[in-house]
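Just so it is clear, the structure is predicted and the values come from calculations on it, not from any experiment. We count ligands from 1, going down the list as the structure has it; atoms in each ligand are counted the same way. The figures that follow rest on heavy atoms only: side chains count, while hydrogens, waters and symmetry mates do not.
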Amino acid sequence: MFENNKICQLLNIKYPIIQGGMAGISESQLVSAVSNAGGLGTIGSGLMPVSWLEEEIKKTRELTKNPFAINLFLQNPKIEELVKVIIKNRVEIVFTGGGNPLPLFPYFQAAGIKIIPVVPSPRLAKKMEENGADGVVVEGLEAGGHIGQNTTLCLIPQAKSLLKNILLIAAGGIYDGKTAAAAFLLGADGIQMGTRFLASIECKISESYKKKIIEATADDIDVVLRFTGHPLRVIKNQWSEEMKKLEERGAFPEEIKAEKIAGSLGGEDVEGIPLLSGLSAAGIKEIKNCQEIIAEIVKEIENSFKVI
Ligand SMILES: Cc1cc2nc3c(=O)[nH]c(=O)nc-3n(C[C@H](O)[C@H](O)[C@H](O)COP(=O)(O)O)c2cc1C
């Protein structure tokens, strides 16, 4: 089905299905499972230390021979050192999130590393193209974690109409073959999923967190921290209620500590930590392994196009 897909050609993968970087959560075990299943796994470096990233690159290479990527969270204070580690270790593909990636472009371009920023608007997608990005991910507000203001349904065709030379990957609310097929129909060249892979066997979050995802209904999912300028989509719990209270009493954004929000593997506690998750959680009913997830989606995309 995807023999002529341009994302597959650009990234040297079998299926144009990308596991979005998830800060501190998507590490070697998940990343290699996705890459071994024919998609593209992405290490989410988040606010993790430089040594963690170097170690995860090494471990991922031991677990897969296929390509994988790094997602750089641009708010990491050690960003320059992280860039050096990526270049030194010759990782071929970098995604960026959480800020302006343009100052990093020259370094990656000089090293021959493909750069694919994640952006929340058609305007920023165009800006990435003008500055020489190899592709761009537009992420709709259905997504888990930090979100923008546009929906995936509107972002894909609007970004597509502006882009002339680079490929478009869609993210936010995609979790099965039908939602993926819709993204392709709207003009996406590839898709990126986070929440679907959180509920995978290989993902290292706790079983309690996974259970929360597969049991969540649309009413259980909320957006908090709008007052900080960095809204965050989560499953409701004690932590999110506390954040709502902080907002109600007019807290300063500075009172929210970044390290509390950046994903972490945590323990079995599902009340005291932010349970980052997209709206797609309400449609995800089973924990499966990455091979099953990807194979099922590919098959369902094929069937969807047959129906059309
Ligand atoms: C737990 C979690 C952590 C995330 N961390 C990051 C991150 O560090 N950098 C980033 O660019 N995107 C991050 N994202 C966004 C994902 O990479 C992906 O684009 C998003 O999950 C897609 O939407 P979906 O959740 O509807 O599949 C995160 C998402 C989740 C659910």
Can you confirm, on distance only, whether ligand 1 has an N/O atom lying under 3.5 Å from any N/O atom belonging to [X]?
{"X": "Gly173", "result": "yes"}
{"X": "Gly145", "result": "no"}
{"X": "Thr195", "result": "yes"}
{"X": "Ser277", "result": "no"}

- Which part of Met22 is near ligand 1, with near meaning a heavy atom under 4.0 Å away: side chain, backbone, both or neither? both

- Task: Using a 4.0 Å heavy-atom cut-off, say whether Asn71 meets ligand 1 through its side chain, its backbone, both or neither.
- Result: side chain

Residues, nucleotides or ligands: over 12 heavy atoms within 6.0 Å of [X] [atom1]:
{"X": "Glu302", "atom1": "CD", "answer": "yes"}
{"X": "Lys236", "atom1": "NZ", "answer": "yes"}
{"X": "Phe227", "atom1": "CZ", "answer": "yes"}

- Message: Once you measure the plane-to-plane angle for Phe2 and Phe184, does it fall in the parallel (<30°), tilted (30-60°) or perpendicular (>60°) bin?
- Response: tilted

- May I ask you to check whether Glu54 and Asn89 show a side-chain donor-acceptor distance below 3.5 Å? yes

- Message: For a quick check under 3.5 Å, do Thr42 and Gln19 share a side-chain donor-acceptor pair by atom type?
- Response: no

Quick check on contacts: which atoms of ligand 1 are under 4.0 angstrom from a heavy atom of [X]?
{"X": "Gly21", "answer": "4 (C), 5 (N), 6 (C), 7 (C), 9 (N), 10 (C), 12 (N), 13 (C), 14 (N), 16 (C), 17 (O), 28 (C)"}
{"X": "Gly172", "answer": "22 (C), 23 (O), 26 (O)"}
{"X": "Ile25", "answer": "1 (C)"}
{"X": "Glu139", "answer": "15 (C), 16 (C), 18 (C), 19 (O), 20 (C)"}
{"X": "Met193", "answer": "27 (O)"}
{"X": "Gly20", "answer": "17 (O)"}
{"X": "Gly97", "answer": "11 (O)"}
{"X": "Ala23", "answer": "3 (C), 4 (C), 5 (N), 6 (C), 7 (C), 8 (O)"}

- Stepwise side chain to side chain contact (heavy atoms under 4.5 Å, CB included) test for Met1 and Phe305: CA-CA 10 Å; Met1 163 119 207; Phe305 280 109; 3.7 Å; yes

- Query: So Asp222 and Arg233, side chain to side chain contact (heavy atoms under 4.5 Å, CB included) or not? Walk me through it.
  - Reply: CA-CA 6 Å; Asp222 206 352; Arg233 191 178 291 288; over 6 Å; no

- Message: A side-chain contact here means heavy atoms from C-beta on lying under 4.5 Å apart; do Arg61 and Val91 qualify?
- Response: yes

